[in-house]
Amino acid sequence: MILLSLSSEHVHNTVITNEQGQVLYKTETPFRLAGIGCTTTIQKIKPNEDQYQMQDQFDVLAEIEWHRFSSSKFRHGGTEVETKEFIPRRDLWGQQRVFIGPDSRPYRWDLEFTVVVLSRDDASRTEVARFHRATLGIVGRKRKAMLEVSPEVAHMMDTVIMTFIYVEGLREDQKGDCL
């Protein structure tokens, strides 16, 4: 499994690193009064062209424009799509979100009470990613928030990250952070 650590459980503003500590992605959501007009920007590390350049450079991978009473919007690759088209809810409460990956296979995020889980949306229901919340170490060892991703979907890591930020943001926002 590929283990990605999050600097914060709150996906609206976090830095995602690999096991070696290399920053891969980061998200930023400027504060808005009462969460009105929140837009989360997801940035991806850009390889340095100069081997002596030590400062990380980022490209915008996607933006999520959050809406409470209408469909939120994804902006990615020069296109804008409503979430009800890109990653629609499967059930009445929105606890299951489905999408077609760049590999043309169907996937499903399940928003559980404390975690989100990504699996293939077929008869196999193979789990391919799972979010683990941070632990304080009171019972067991202390651990940062972590996204565990199967190598099977490494080829579509950008899509896994974008959809993870969206569904975990939804789960988080049931408490009223941004939506």
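Computation of the quantities below employed the complete heavy-atom set of this structure, encompassing side-chain atoms and omitting hydrogens, waters and symmetry-equivalent molecules. It should be emphasised that the depicted structure is a prediction, and the values quoted were computed from it without experimental measurement.
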Inset, instruction - Classify the side-chain pair Ser119/Tyr107 by whether it contains a donor and acceptor separated by less than 3.5 Å. - result: no
Inset, instruction - State yes or no: do Ile165 and Met157 share one hydrophobic cluster built from I, L, V, M, F, W and Y residues joined by side-chain heavy-atom distances below 4.5 Å, directly or via other members? - result: yes
Inset, instruction - Just say parallel, tilted or perpendicular for the rings of Phe74 and Phe86, cut-offs at 30° and 60°. - result: perpendicular
Inset, instruction - Please say which of Ile64, Val60, Thr29 ends up in a side-chain contact (heavy atoms from CB on, under 4.5 Å) with Thr41. - result: Val60
Inset, instruction - For the pair Asp110 and Arg125, find out whether any cationic side-chain nitrogen is under 4.0 Å from an anionic carboxylate oxygen. - result: yes
Inset, instruction - Treat each ILVMFWY residue as a node, draw an edge where side-chain heavy atoms are under 4.5 Å apart, and state whether Met146 and Val153 are in one component. - result: no
Legend entry - Salt bridge flag under 4.0 Å for residues Glu127 and Arg120: no
Legend entry - Backbone of Pro106 reached by a side-chain donor or acceptor of Asp121 within 3.5 Å: no
Legend entry - Donor-acceptor pair between Ser7 and Thr14 side chains, under 3.5 angstrom: yes
Legend entry - For Val115, side-chain contact (heavy atoms from CB on, under 4.5 Å) partners two or more places apart: Glu112, Val117, Arg130
Inset, instruction - Return yes if some donor-acceptor pair links the side-chain N/O of Thr163 with the main-chain N/O of Thr159 below 3.5 Å, else return no. - result: yes
Inset, instruction - Please confirm whether the backbone N or O of Lys84 pairs with a side-chain atom of Ser71, one donor and one acceptor, at under 3.5 Å? - result: yes
Legend entry - Tyr166 reachable from Val98 in the ILVMFWY side-chain graph, under 4.5 Å edges: no
Inset, instruction - Using atom types as modelled and distance alone, determine if a side-chain donor or acceptor of Arg97 lies under 3.5 Å from a backbone N or O of Ile87. - result: yes
Inset, instruction - Give the cluster check for Val167 versus Val81: same hydrophobic cluster or not, with ILVMFWY residues linked at side-chain heavy-atom distances below 4.5 Å. - result: yes
Legend entry - Donor-acceptor side-chain pairing of Thr40 and Trp66 below 3.5 angstrom: yes
Legend entry - Spacing of CG belonging to Asn13 relative to OG belonging to Ser8, to within rounding of 0.5 Å: 7.5 Å
Legend entry - With sequence neighbours excluded, residues passing side-chain contact (heavy atoms from CB on, under 4.5 Å) with Asn18: Leu4, Gln20, Gln22, Leu24
Legend entry - With Lys44 via side-chain contact (heavy atoms from CB on, under 4.5 Å) - residues at least two apart: Tyr25, Leu61, Asp158
